[in-house]
Amino acid sequence: MSKLRNIVRGCVLDVLGAVSKPAPGVHILNGHMITRGEAQPAHAEAFRRMLQQLSESVEFIRFEEAARMIAAGHYPDRPLVAFSFDDGFTDCADMICPVLEDYGVNAALFINPNFVEGDEAYIRHFTESTVLTPGKRPMRWDALRRLRDRGHVIGAHTLDHYMINTDDFGELSRQIVGSKEAIERNLGAPCQHFAFPYGRLEHANRTAIDIACRAFDYVYSQSDYKHYTSFEGRVINRRHFEPFWKIGHVRYFLSCHKQ
């Protein structure tokens, strides 16, 4: 049933995407990986083609600029697009970021420090049981330092990809603030951005958002993409996409007006 639903959804998006144009405003597209399986150079070229096609109807901007504009309520009359990627897979260092750099923009990479530092048992559990991406590998601190030095933003995503809708204040603080402290300790620079795992609004609660907003300058979901913000304007909403999606599907989601 799920497979049939996905096929129907894909067909509908094919039709809608063929006639869709990106709407004016600031769009943060958020993905995870260059492909579901083992990354190959051909996947980077497919992402490059997606960006080339998108660039015909949008302007790419740096992530920090997009965050500042949304936080300030500054929404332009043309479509601007920035990029972020969650979970910290090596796809980002090896293929995604180099392609974005060719277009003169950066990405925000939201990482889980315990995944960055994890041994093989931790990595296997994280990819197979937590984020359901078997075979994916984490970027380590040295790769993240190089990306930071090239202008990419390194943000926090909790220590362990922890769902922050619990009432356990101590664990919420450890996961949220602890991820900030680990990034700052290992990268030697302030960490100003936090995206909560799983991304839907029901995957966070007000206690967790309070903790995150005290620790970080900017907090993000991956939900409610028709609205710029949630949680009374304290959380910036991003739009889900993946570099392996069809270009028409991306255009359709960019065509939905934000309010």
Side-chain angles (χ1 to χ4, degrees), residues 2 4-34 36 46-87 96 99-100 103 105-108 110 155 193-204 209 218-259:
S2 175
L4 177 60
R5 187 163 51 246
N6 287 337
I7 292 173
V8 172
R9 176 180 182 273
C11 292
V12 171
L13 288 176
D14 286 342
V15 174
L16 295 175
V19 296
S20 297
K21 294 182 179 179
V26 184
H27 308 270
I28 298 178
L29 289 177
N30 182 64
H32 299 81
M33 65 201 87
I34 197 100
R36 292 188 184 279
F47 182 42
R48 191 184 302 277
R49 287 194 296 275
M50 172 191 281
L51 295 185
Q52 176 57 45
Q53 291 172 302
L54 272 183
S55 70
E56 296 169 4
S57 54
V58 309
E59 177 185 343
F60 300 139
I61 61 173
R62 296 181 64 81
F63 181 84
E64 308 95 311
E65 182 180 359
R68 286 194 295 265
M69 292 177 73
I70 294 173
H74 178 201
Y75 310 133
D77 58 2
R78 65 192 190 283
L80 306 180
V81 172
F83 297 89
S84 68
F85 294 87
D86 291 353
D87 301 344
I96 292 172
V99 172
L100 289 174
Y103 281 84
V105 294
N106 65 348
F110 290 96
H193 302 265
F194 173 79
F196 62 80
Y198 303 101
R200 298 181 67 87
L201 301 186
E202 61 265 29
H203 295 145
I209 296 303
Y218 300 94
V219 178
Y220 306 86
S221 76
Q222 182 193 275
S223 190
D224 196 19
Y225 64 86
K226 292 186 179 181
H227 298 87
Y228 276 107
T229 63
S230 53
F231 287 96
E232 293 82 39
R234 295 187 295 164
V235 173
I236 294 173
N237 299 328
R238 302 173 294 168
R239 296 170 181 253
H240 182 212
F241 95 117
E242 298 295 346
F244 51 83
W245 282 11
K246 293 180 180 180
I247 183 63
H249 296 192
V250 180
R251 283 202 187 105
Y252 167 73
F253 287 112
L254 290 174
S255 73
C256 299
H257 287 274
K258 288 200 171 187
Q259 298 174 6

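On a predicted model such as this, the values are computed, not experimentally measured, just so you know.
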- Can you tell me how far CD of Gln222 sits from OH of Tyr198, rounded to the nearest 0.5 angstrom? 12.5 Å

- Under 4.5 Å between any side-chain heavy atoms of Tyr75 and Pro24, yes or no? no

- Message: For a quick test of reading the model, state the closest non-hydrogen atom pair linking Ser221 to Ser230 and the distance between them.
- Response: OG-OG, 4.5 Å

- Item | Leu80 side chain near Met69 side chain, heavy-atom distance below 4.5 Å | yes

- Task: State the CZ-CD1 distance between Phe194 and Ile209, to the nearest 0.5 angstrom.
- Result: 7.0 Å

- Message: Is the shortest side-chain heavy-atom distance between Phe83 and Val81 below 4.5 Å?
- Response: yes

- Query: Mind checking whether His240 and Trp245 have side chains closer than 4.5 Å, heavy atoms only?
  - Reply: yes

- Query: Would Phe253 and Phe241 count as a close aromatic pair, with their ring centres under 6.0 Å?
  - Reply: no

- Atom pair CZ/OG of Arg251 and Ser57 - distance to nearest 0.5 Å: 5.5 Å

- For residues Phe63 and Tyr218, establish whether the separation of their ring centroids is below 6.0 Å. no

- Distance from Leu254 atom CG to Tyr225 atom OH, nearest 0.5 Å? 10.5 Å

- Within the distance-only criterion (no hydrogens, no angle test), does the side chain of His249 pair as donor or acceptor with the backbone N or O of Lys246 below 3.5 angstrom? no

- Message: Just so I know, are the side chains of Tyr220 and Asn30 near enough to count as touching, which here means a heavy-atom distance under 4.5 Å?
- Response: no

